[in-house]
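Following: one structure in structure tokens, then a few remarks.
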Amino acid sequence: MLSKTEIAQRIAQELQDGWYVNLGIGIPTLVANYIPEGIEVEFQSENGILGMGPFPFDGEEDADLINAGKQTITALPGAVYFDSATSFAMIRGQHVQLTVLGAMEVSETGDIANWKIPGRMVKGMGGAMDLVASAENIVVAMMHTNKKGESKLLKSCSLPLTGVGCVKKIVTNLAVLEVIPGKGFQLLERAPGVSVEEIQKATAGTLIVEGEIPEMKL
Amino acid sequence: MLSKTEIAQRIAQELQDGWYVNLGIGIPTLVANYIPEGIEVEFQSENGILGMGPFPFDGEEDADLINAGKQTITALPGAVYFDSATSFAMIRGQHVQLTVLGAMEVSETGDIANWKIPGRMVKGMGGAMDLVASAENIVVAMMHTNKKGESKLLKSCSLPLTGVGCVKKIVTNLAVLEVIPGKGFQLLERAPGVSVEEIQKATAGTLIVEGEIPEMKL
Amino acid sequence: MNKVVENVEEACKDITSGVTIMLGGFGLCGIPENAIAELVKKSITDLTCISNNAGVDDFGLGLLLQKHQIKKMISSYVGENDEFERQMLSGELEVDLIPQGSLAERCRAGGAGIPAFFTPAGYGTEVAEGKEVREFNGKPHILESALTADFAIVKAWKGDTAGNLIYKATAKNFNPMMAMAGKITIAEVEELVPAGELNPNEIHTPGIFVQRIFQGETYEKRIEQRTVRTK
Amino acid sequence: MNKVVENVEEACKDITSGVTIMLGGFGLCGIPENAIAELVKKSITDLTCISNNAGVDDFGLGLLLQKHQIKKMISSYVGENDEFERQMLSGELEVDLIPQGSLAERCRAGGAGIPAFFTPAGYGTEVAEGKEVREFNGKPHILESALTADFAIVKAWKGDTAGNLIYKATAKNFNPMMAMAGKITIAEVEELVPAGELNPNEIHTPGIFVQRIFQGETYEKRIEQRTVRTK
């Protein structure tokens, strides 16, 4: 079973040289720490920066320089600042090659729910709806089951949707899966030491298992 | 009868303090030379400058600094450059208080034609269609009649339209007129020495003459 | 063209109860601190506020929420504010949640005279309810309308007497579009300079969009999530 | 992220006959001189060119017109070019004339993933033929669609190796929107600097929109209407 850090590590393997990448809050943010050797990517934060760097050193924080998670950050050489309309022009116009974000539920048709629990949690969708409706590549980073042990990979989402038919790939603590439209979750890789049966048990939606499923390499 | 310069001079009286103004090519450009005392206006040129100044001194031309007529210009203190989308955001969004432009024909319903003579002259509309469709105040600067002596103030335009029902005021070499929707051209002022009868004769559309028509002051 | 007003009182003098106000900023970054304090002081109520976020409990728009001055919020993300969530869930506060990109674009559209546009964001979700759906290039989009406001209040780093503005880093965010979309746009700046001192090539918001400008008195610039690494 | 290519040949190597190209510039101001010369040299034909103007007879896009390399022009104003007018009136050249503001906004929309928007410009004129009309706030608007291109070629003043661009004065014009709307965007610049040398606050076009960048060899920067006053 993967730790959150290892989920991020596995997702980092999806990065390709020259890609612009938007990382959501939580596990996705950790992906930036595992960029593979020899690959150059640039991180976009939707509040208005391209070329986001690491957190500042203590005492060097700038209140005017934050990421979409409102964390203080730094800018790398070649960075650029822009307004929110331009930022979402990049996103909606598909200039960002990869979006990594968390989810509360994903359906086997690629629907995603991650912004609202009616009557309980209403924080708003932020940029998530724009991101999932626009990105060519969306990787969801999440635990395979919720705190109650219920599967987060469903036939259809029970929570209000963030987007429809948009998730392509899911990396959980148990597996790497691909959404095959009209079919279900195709199992691509198992987490080290996790069996197909365990993944099957934790997956409420249709799981497609074809041939030998390799263990993922980190 | 007014000269072209005097038409510009009369139009300059329409300027109000604090207005942003877009001046078209030809007579409208001359308006900038007659800003009334004590009034501050700023000129927008739709290719991307606010705060346009006079022509440069000989030898000081900058190929990168032109107006929409492609003439070399200068920038006044407080000027700003912007892209074409932002420029027309200003225009379409009605942030420009006055547009002055020339016309080949104006109808008594406020239609304007100034961009095309089918089969003969096809230069394109440039920014004129955006300007006339958007501006709150449009003043047309033109000769009352064309080179053949035919009226340019018509019941309806014969040439392809630039905009529909948008002209508010017209200043010609003979008169100042206002378009009253559903009624016609209301005569507001006569050029010095020009009679109502002469204006009537040169106006093919409905001319509304109410009471004494004053002579314009320059 | 001198847009300078004496101070924040003068800038906000005709903002009354019941109006719609856009406020720039992302979280607590780039918010018009002085004008928010003035709105609190004026004790006006029934405001409709368009702002990406709602501040935190004791800073930013949270200050207006505490005093129940806001009737309706139009935002994309309102986490980090317990009082907000309480007022919303209890029904005291009307809330219209909008995808962040659509919010930004709707403000820009309002300023640019574009009454409506199509976007894929929100299709198939509750955001799309009651909105026209149309397919372009095989992909469904929804029709979103422009947003404008009686007042837009923005915060810039530098500004000149003609109303030209320059923002700093990510404090830019929603400020430029909101500046475009206010019937009256009020800019507060950290440094106010005479027209001509800013490089016309480096200005982010042309002065034509700004009706009033003043120099803010103090800026707390509170940081919401102080994250650092050690040397 | 290094976007630098050796020279103009390298930048334009895969531009072939029949493609759609956007070209920045207003008149002769801010046009990509080096790339235009290269397109002439390549002798490719059947091009669809999206550009506000068509140059003059012997400079700018006029050079491509002379050699009959352009099949279709999408522009707002094509005066100042006799050869253009001749080819258009004789039917040799397809021409789509678009209001300037709609042209700018359609390019921006293409780059921003907005497939269509409403604008009042052109309502009631031949530009509106076949287009949907809808009233907003009592005023009729027409629905305009996004424009994109196989290649966008823009000219900037300064650029860095990451593709970030800064334009000078009114040479900015259509370049920023076209940079957004190209499937492949090529930028030629007067001065190419290493990433990190441009102030991230002063950049007009973020490098994400640019796929290739090179330093232009020489710039004639011809002036179309030299107007001066005497001291």
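Just the heavy atoms: all of them, side chains too, but no hydrogens, waters or symmetry mates, feed the values below. Throughout, a chain's letter reflects where its sequence line sits, starting with A, and its residues are numbered from 1.
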Selection from D:Gly113, D:Ala112, D:Ala195 maximising heavy-atom pairs under 4.5 Å formed with chain A = D:Ala112

What about the rings of A:His95 and D:Phe209, do their centers lie closer together than 6.0 Å?
-> yes

Under 4.5 Å heavy-atom distance to chain A, tell me which part of D:Ile208 shows up: side chain, backbone, both or neither.
-> both

Residue part contacting chain A, namely of D:Asp160, when any heavy atom lies under 4.5 Å = side chain

Would D:Arg212 and D:Asp14 pass as an ion pair if we require N to O under 4.0 Å?
-> yes

For the side chain of D:Asp150 and the backbone of D:Thr20, is there at least one donor-acceptor N/O pair under 3.5 Å apart?
-> yes

For the residue pair D:His204 and D:Tyr167, categorise the inter-ring angle as parallel (less than 30°), tilted (30 to 60°) or perpendicular (more than 60°).
-> parallel

Under 4.5 Å heavy-atom distance to chain D, tell me which part of A:Phe82 shows up: side chain, backbone, both or neither.
-> side chain

Partner chain A: residue of D:Glu202, D:Glu197, D:Met180 with the largest heavy-atom pair count (under 4.5 Å) | D:Met180

Between A:Glu42 and chain D, which part of the residue has a heavy atom less than 4.5 Å away: side chain, backbone, both or neither?
-> both

So do the side chains of D:Leu39 and D:Leu63 get within less than 4.5 Å of each other, counting heavy atoms only?
-> no

